[in-house]
S.K.: 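Below is one structure. I have some questions about it.
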Amino acid sequence: MTTRFCLICTFLCGICSIASAQTTGDSLFAAGHYLAARVTYERVLFMSTEPVEQFSAAMGKARCLKQQGLNAQAVTFLNSQIQAIYPDSLTYQLRREQILCAYLAGQFENTLSLLDRLPYLHPDIPAPPLLMAVRVLSLNELNRWTEADTAYRALATYTHADTVQTPYKQLPRLKSEKKAQWLSTFIPGAGQFYAGKPGEAGLSILVQSAGLYFGITSFLRGYYLSAWGVGAGLFGSFHAGGVRRAEVLVRQLNQQRAAAFNSQLRQQVLKLIE
């Protein structure tokens, strides 16, 4: 009798401690003590065998990781939780949270992959506007604007917004890195000028011309070693560097234009789901 009573007391204390730990974790999270809250949620995950309690703790830990900027770690953690046995409705919420964390972590290809799996894993649950918006934003970050336009129109139709004024009618004008390389190869400084850097173009022309002039002058005076070692070497080094620099400048210019376009479009997408 005494043994049975002790077992019952132990069981009840375990239940109370789990509930207390979950409450403590929520309080720590609300107070901004995310590391301490994560440890508390981990305790619940270790102690509890109830799916609902484990789910609450898992979501709590994921929120803590997001607040700490550890979004990639949150993606990995949620992936381990999805493998556990949860009711379908709870698994869907874990997958949805994982998609958001993947986007925040900059894992745009992974975000799209997770989004594509969702209709097959949960066919009875339609995609909410938030996840539709995440698809648009992920495609934007990858500069896949044709696909993003289609996803944007689907979101606008879902939210009953105007699809005529689609922002994809005026895409940013991106320049060709190969063209910049080609120009710099045959015309010193032309690649930098093409990239919108006339100052660097002028400097490149000046330095390469100086190397070429020194090489020719030294050769004509009979200083063949200086002509090849200094003049040709100087010209060749700055010429090759100018070609690579032109490529880098065009890439940076394209990134700036794409980032400006995506930032403006991000605001429009967020307005659709408000």
S.K.: Got a donor-acceptor contact below 3.5 angstrom from the Ser263 side chain to the Ala259 backbone?
M.R.: no
S.K.: If you round to the nearest 0.5 Å, how far is CG of Leu114 from CG of Leu118?
M.R.: 8.5 Å
S.K.: For Cys101 and Leu78, which heavy atoms make the closest approach, and how far apart are they?
M.R.: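 Cys101 and Leu78 have their closest heavy atoms at SG-CD1, 4.1 Å.
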S.K.: Under the side chain to side chain donor-acceptor pair (under 3.5 Å) test, which residues partner Asn254, sequence neighbours left out?
M.R.: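 Once residues adjacent in sequence are excluded, Asn254 has no partner under the side chain to side chain donor-acceptor pair (under 3.5 Å) criterion.
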S.K.: Side chain to side chain contact (heavy atoms under 4.5 Å, CB included) for Leu28 and Thr24? Distances and angles first, verdict last.
M.R.: CA-CA 6 Å; Leu28 289 170; Thr24 301; 4.0 Å; yes
S.K.: Could you please spell out the steps behind the side chain to side chain contact (heavy atoms under 4.5 Å, CB included) verdict for Ser89 and Tyr92?
M.R.: CA-CA 5 Å; Ser89 59; Tyr92 174 81; 5.8 Å; no
S.K.: Work out which heavy atom in Ala74 is nearest to a heavy atom in Leu65; give both atom names and the distance.
M.R.: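 Between these two residues, the closest heavy atoms are CA-CD1, 3.6 Å.
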S.K.: How many angstroms lie between atom OH of Tyr120 and atom CZ of Arg117, to the nearest 0.5 angstrom?
M.R.: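 Spacing of OH (Tyr120) from CZ (Arg117) equals 12.5 Å.
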S.K.: With clusters defined by side-chain heavy atoms of hydrophobic residues (ILVMFWY) lying less than 4.5 Å apart, directly or transitively, does Met59 cluster with Phe77?
M.R.: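 Per the 4.5 Å side-chain linkage, Phe77 and Met59 are co-clustered.
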S.K.: When hydrophobic residues are tied together by side-chain contacts of less than 4.5 Å, even through go-betweens, does Leu155 share a cluster with Ile99?
M.R.: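 Same cluster: Leu155 reaches Ile99 through Ile, Leu, Val, Met, Phe, Trp or Tyr contacts under 4.5 Å.
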S.K.: Count I, L, V, M, F, W, Y as connected when their side-chain heavy atoms are under 4.5 Å apart, and connections chain through other members. Are Trp182 and Leu249 then in the same cluster?
M.R.: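 As far as the 4.5 Å side-chain criterion goes, Leu249 and Trp182 are not connected within one cluster.
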S.K.: Considering non-hydrogen atoms only, spot the tightest contact between Ala258 and Asn143 and give its length.
M.R.: CB-OD1, 3.7 Å
S.K.: Give the table of side-chain donor-acceptor pairs shorter than 3.5 Å for residues 121-141, with sequence neighbours excluded, one pair per line with atom names and distance.
M.R.:
unit_1	atom_1	unit_2	atom_2	d
His122	ND1	Asp88	OD1	3.1
His122	ND1	Asp88	OD2	3.4
His122	NE2	Arg95	NE	3.2
Arg135	NH1	Asp116	OD1	3.1
Arg135	NH2	Asp116	OD1	3.0
Ser138	OG	Val134	O	2.9
Asn140	OD1	Tyr168	OH	2.7
Asn140	ND2	Val136	O	3.3
Asn140	ND2	Tyr168	OH	3.3
Glu141	OE2	Arg266	NH2	2.9

S.K.: Would you say Tyr86 and Gln93 are linked by a side-chain donor-acceptor pair, where the criterion is simply a distance under 3.5 Å?
M.R.: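 Note: Gln93 and Tyr86 side chains miss the donor-acceptor criterion.
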S.K.: How many angstroms lie between atom CH2 of Trp145 and atom OG1 of Thr150, to the nearest 0.5 angstrom?
M.R.: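 It comes to 15.0 Å.
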S.K.: Can you tell me how far CD of Gln54 sits from OG1 of Thr49, rounded to the nearest 0.5 angstrom?
M.R.: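 Here the rounded value is 7.0 Å.
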S.K.: Using the test ring-ring contact (aromatic ring centres under 6.0 Å, His included), find all partners of Phe193 that sit at least two apart in sequence or belong to another chain.
M.R.: none
S.K.: Apply side chain to side chain contact (heavy atoms under 4.5 Å, CB included) to Lys66 and Glu97, showing your working.
M.R.: CA-CA 10 Å; Lys66 284 169 60 179; Glu97 188 69 17; 2.8 Å; yes
S.K.: Once you round to the nearest 0.5 Å, how far does CD of Glu147 lie from CG of Leu142?
M.R.: 9.0 Å
S.K.: Before giving the answer on side chain to side chain contact (heavy atoms under 4.5 Å, CB included), spell out for Leu100 and Asn71 the whole-Å C-alpha distance, their side-chain angles and the decisive distance to 0.1 Å.
M.R.: CA-CA 9 Å; Leu100 296 176; Asn71 297 297; over 6 Å; no
S.K.: Under 4.5 Å between any side-chain heavy atoms of Tyr41 and Arg63, yes or no?
M.R.: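 SC-SC contact between Tyr41 and Arg63 confirmed.
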S.K.: With a 4.5 Å limit on heavy-atom distance, are the side chains of Tyr194 and Ser176 in contact?
M.R.: yes
S.K.: Honestly curious: do Leu171 and Val269 fall in one hydrophobic cluster under the side-chain, below-4.5 Å linking rule?
M.R.: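 Yes, same cluster.
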S.K.: With the 4.5 Å side-chain cut-off for hydrophobic clustering, are Leu270 and Leu272 part of the same group?
M.R.: yes
S.K.: Could you tell me which residues satisfy side chain to side chain donor-acceptor pair (under 3.5 Å) with Gln181, sequence neighbours excluded, listed by chain and number?
M.R.: Glu247
S.K.: For Leu265 and Pro167, work out which heavy atoms get closest and say how close.
M.R.: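 So the minimum-distance heavy-atom pair works out to CD1-CG, 3.4 Å.
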S.K.: Do Arg38 and Gln68 have side chains that approach each other closer than 4.5 Å (heavy atoms only, starting at C-beta)?
M.R.: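 Counting from C-beta outward, Arg38 and Gln68 do come under 4.5 Å.
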S.K.: Give the minimum heavy-atom separation between Ala72 and Ala105, together with the two atoms involved.
M.R.: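 Distance-wise, the nearest heavy atoms are N-CB, 3.6 Å.
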S.K.: Quick check: do Phe261 and Arg257 have side-chain heavy atoms less than 4.5 Å from each other?
M.R.: no
S.K.: With sequence neighbours left out, write down each residue that passes ring-ring contact (aromatic ring centres under 6.0 Å, His included) with Phe108, or none if nothing qualifies.
M.R.: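 Partners of Phe108 under the ring-ring contact (aromatic ring centres under 6.0 Å, His included) test: Tyr103.
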S.K.: Measure the shortest side-chain to side-chain distance between Glu53 and Gln22 over non-hydrogen atoms and say whether it is less than 4.5 angstrom.
M.R.: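 No, side chains not in contact.
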S.K.: In Å and rounded to the nearest 0.5 Å, what is the OG1 to CG distance from Thr40 to Leu45?
M.R.: 11.0 Å
S.K.: Which pair of non-hydrogen atoms, one from Ala195 and one from Leu253, has the smallest distance, and what is that distance?
M.R.: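 Residues Ala195 and Leu253, closest heavy atoms: O-CD2, 3.7 Å.
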S.K.: Pairs in or reaching into residues 175-192: which pass salt bridge (Lys or Arg N to Asp or Glu O under 4.0 Å), with residues at least two apart or in two chains?
M.R.: Glu177-Arg251
